[in-house]
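Note sheet for the following structure.
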Protein chains: 2
Amino acid sequence: MSKLRPIDRSSFEPPYAQVARGMRERIVNGEYRAGDRLPSEAELCALYGVSRMTVRRAVTLLTQDGVVYTENGRGTFVRAPELGAATFDLASLRRLVDDAATTVKIIEARIVPPSPRVCRKLAVDDESYVVAIKRVLSSAGEPVFYHSEYLVFDPRRPLVEAEYGVTALRDLLANAGKSGFKYGRLRLDASTLTETEASYLAEEPGVSAWVIEHLFYDFENRPVSWGRFIGRSDRLDLSTTVGVPDVGNGAGG
Amino acid sequence: MSKLRPIDRSSFEPPYAQVARGMRERIVNGEYRAGDRLPSEAELCALYGVSRMTVRRAVTLLTQDGVVYTENGRGTFVRAPELGAATFDLASLRRLVDDAATTVKIIEARIVPPSPRVCRKLAVDDESYVVAIKRVLSSAGEPVFYHSEYLVFDPRRPLVEAEYGVTALRDLLANAGKSGFKYGRLRLDASTLTETEASYLAEEPGVSAWVIEHLFYDFENRPVSWGRFIGRSDRLDLSTTVGVPDVGNGAGG
DNA sequence: ATTCGATACCTGTCTAGACAGCTATGGAGA
DNA sequence: TCTCCATAGCTGTCTAGACAGGTATCGAAT
């Protein structure tokens, strides 16, 4: 068990976080390895001098981070890193849109009859109309993403100008739902630039690219917005970590 | 507040899950919308007839699912769905490898001097040797992913045959770490098939494809394995949901 | 009109104890 | 030798209460 740094009650870091950090450090140090059983919760209580709920909170934290797992009636064990357990997020896209140096240029914004594909995606008939918006996101003057979006056109609720600009896009990424969306389905895909897309992005056609397709629904579960971002593959960073790296542990939740 | 289905103490579903499900349903129904304040924890205690820790557990569940957020001193609020908050996982790759109908064919497995690129990735000098393994994953007889991997060659620990087969790959995806990995860094990329890759996958060169690059480290933080999966873009499903869809809510965690 | 402090309400954290259900072990009985 | 059961230890869950610290409000004093 080796020596143990006790809980610092005067620290700003609450006891449960200190316990979690302590356990994490021991795993990083290799004191406990994949498959090893950790001390039981009762033992950890005694070790750190905290109540069981506090220990459990620490263990729960590590469980959520994929560092350990528990088996009812058996104990808590160190989880082996798994490639298949990796998750990726759109943090880099978020950074791009949040960046003050990012600008959005409206290429097109008009009311059009929907193509068969858009009809299918938005579940509207070809007699109705949709709002087609095409944008180019630029970072430091350089075009980065091409975005096309189709909104169900509701004559009773005329779309305001603001719907087209940077704000709307920021809301989509960081605050959709105020716009009346209940939920959305997203799909990530690998593709290549068409000639049109390439021209807007100042690239060669055929260059490999990311596609982020999004479909948002309203509170009646009807699709209201379908669209896709496309941008050169190196414009979106999708990297992550499995297991317990030494630095940037991301603890303290 | 409307009528409320009370907690069923005889159910297999524990009270905290019932409370979470109840709150979730009210959000799905639109009773609470993005930005709305939910009843305070004390009110929820009275409403459901459970203790505050139980209510908090339910709220924590919803917070982790990105359904609500809390503000200290103010209350709990419904979170708006955000495109930028989406996360993607490798569930479809996992399914592929777990599938009994998936086979792995070793194309190559030998000890070679490393290329400059491999030298850099594995942090070894060009005097040392690495084990190069190239595999093709097939599902129902059809080639799906091409996998190349480079392992640091340690003469003291000769690699066993098992290291090359299906088991090794399954371990990489679902149980790495028993192999002595402490953690790994992954990167997802969009690319196109080279001529060699296309020939193994029975495809045309230039077809858009996924690349999953992985770099695993041992307990001394030295890289020990670098490799990449590549496969046609429609072979890997990266879709996800933001907000609270009606079905497949994924509650009960 | 402005500032400041008391106050009420909220979430964040911790405790000590209780019971349920699962798992492994070892001993008694067949 | 084998089977079965009691038991001990483990995680899972819940309770009732406590205190800390953040937030908004409203009234008193300036």
Side-chain angles (χ1 to χ4, degrees), chain A residues 1 5-23 27 32 35-79 251-253, chain B residues 1 5-23 27 32 35-79 251-253:
Chain A
M1 212 64 59
R5 181 174 46 254
I7 296 300
D8 177 6
R9 293 282 173 176
S10 67
S11 168
F12 291 121
E13 190 183 20
Y16 76 87
Q18 291 185 48
V19 173
R21 189 163 48 81
M23 294 173 70
I27 293 169
Y32 300 111
D36 287 0
R37 219 205 76 181
L38 296 173
S40 77
E41 294 174 358
E43 286 170 327
L44 289 169
C45 290
L47 251 57
Y48 288 98
V50 296
S51 79
R52 182 150 165 250
M53 290 299 267
T54 302
V55 163
R56 276 190 70 79
R57 181 158 184 188
V59 171
T60 302
L61 264 184
L62 298 182
T63 304
Q64 281 158 7
D65 285 357
V67 176
V68 304
Y69 62 95
T70 58
E71 285 189 18
N72 193 343
R74 304 220 315 126
T76 305
F77 305 86
V78 179
R79 185 182 287 281
Chain B
M1 211 65 61
R5 182 171 48 254
I7 297 301
D8 178 5
R9 292 283 173 179
S10 68
S11 166
F12 291 120
E13 188 183 22
Y16 75 86
Q18 292 184 47
V19 173
R21 189 164 49 79
M23 295 173 69
I27 293 169
Y32 300 111
D36 287 358
R37 220 205 77 180
L38 296 173
S40 75
E41 295 174 358
E43 287 171 327
L44 289 169
C45 290
L47 249 57
Y48 288 99
V50 297
S51 78
R52 181 149 167 249
M53 290 300 266
T54 303
V55 163
R56 277 190 69 78
R57 182 158 183 187
V59 172
T60 303
L61 265 184
L62 298 183
T63 303
Q64 281 156 10
D65 285 357
V67 176
V68 304
Y69 63 94
T70 58
E71 285 188 19
N72 193 343
R74 303 219 317 124
T76 305
F77 304 86
V78 179
R79 185 183 288 281

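The chains referred to below are lettered A, B, ... by the order of the sequence lines, with proteins before strands, and numbering in each begins at 1. Just so you know, these numbers come straight off a predicted model, no measurement behind them. Any value given below was found using the heavy atoms of this structure, including those in side chains, with hydrogens, waters and symmetry copies removed.
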Readout for nucleotides 20-25 of chain C: B = base within 4.0 Å of protein heavy atom, S = sugar-phosphate only, - = neither; 5' to 3' it is -BBSS-
Between [N] atom [atom2] and [X] atom [atom1], what is the distance in whole Å?
X: A:Tyr48; N: C:dA16; atom1: OH; atom2: C1'; result: 21 Å
X: A:Tyr69; N: D:dG12; atom1: OH; atom2: P; result: 13 Å
X: B:Ile7; N: D:dT15; atom1: CD1; atom2: P; result: 9 Å
X: A:Leu61; N: C:dT13; atom1: CG; atom2: C1'; result: 13 Å

(request) Indicate, yes or no, whether a donor-acceptor pair under 3.5 Å links the base of C:dG12 to the side chain of B:Arg52. (result)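 Donor-acceptor pair under 3.5 Å: yes.
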How many angstroms lie between [atom1] in [X] and [atom2] in [Y], if you round to the nearest 0.5 Å?
X: A:Ile7; Y: A:Tyr16; atom1: CD1; atom2: OH; result: 12.0 Å
X: A:Met23; Y: A:Leu61; atom1: CE; atom2: CG; result: 10.0 Å
X: A:Thr76; Y: A:Glu43; atom1: OG1; atom2: CD; result: 10.5 Å
X: B:Gln64; Y: A:Thr60; atom1: CD; atom2: OG1; result: 8.5 Å
X: B:Leu38; Y: B:Phe77; atom1: CG; atom2: CZ; result: 8.5 Å
X: B:Arg37; Y: B:Tyr32; atom1: CZ; atom2: OH; result: 10.0 Å

Name the closest nucleotide to the [X] side chain, picking from [options].
X: A:Glu41; options: C:dT13, D:dG12, D:dC14; result: D:dG12
X: B:Arg57; options: D:dT13, C:dT15, C:dT11; result: D:dT13
X: A:Thr70; options: D:dT11, D:dT13, C:dT11; result: D:dT11
X: A:Arg56; options: D:dG12, C:dG17, C:dT13; result: D:dG12
X: A:Ser51; options: C:dT15, D:dT13, C:dT11; result: C:dT15

Inset, instruction - Assign each of A:Met53 and A:Arg37 to its nearest nucleotide of DNA chain D by heavy atoms, then name whichever residue's nucleotide is nearer the 5' end. - result: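 The residue mapped nearer the 5' terminus is A:Arg37.
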If the cut-off is 4.0 Å, is [X] near the phosphate of [N], judged by side-chain N/O to OP1 or OP2?
X: B:Thr54; N: D:dT15; value: yes
X: B:Thr76; N: C:dC10; value: no
X: B:Arg9; N: D:dT15; value: yes
X: A:Tyr16; N: C:dT13; value: yes

Applying a 4.0 Å non-hydrogen cut-off, can you work out what A:Val50 is touching in the nucleic acid: base, sugar-phosphate, or nothing?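 Sugar-phosphate, backbone atoms only, no base.
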Taking the side chain from B:Glu41 and the backbone from B:Val55, do they hold a donor-acceptor pair closer than 3.5 Å?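 No: the side chain of B:Glu41 does not pair with the backbone of B:Val55.
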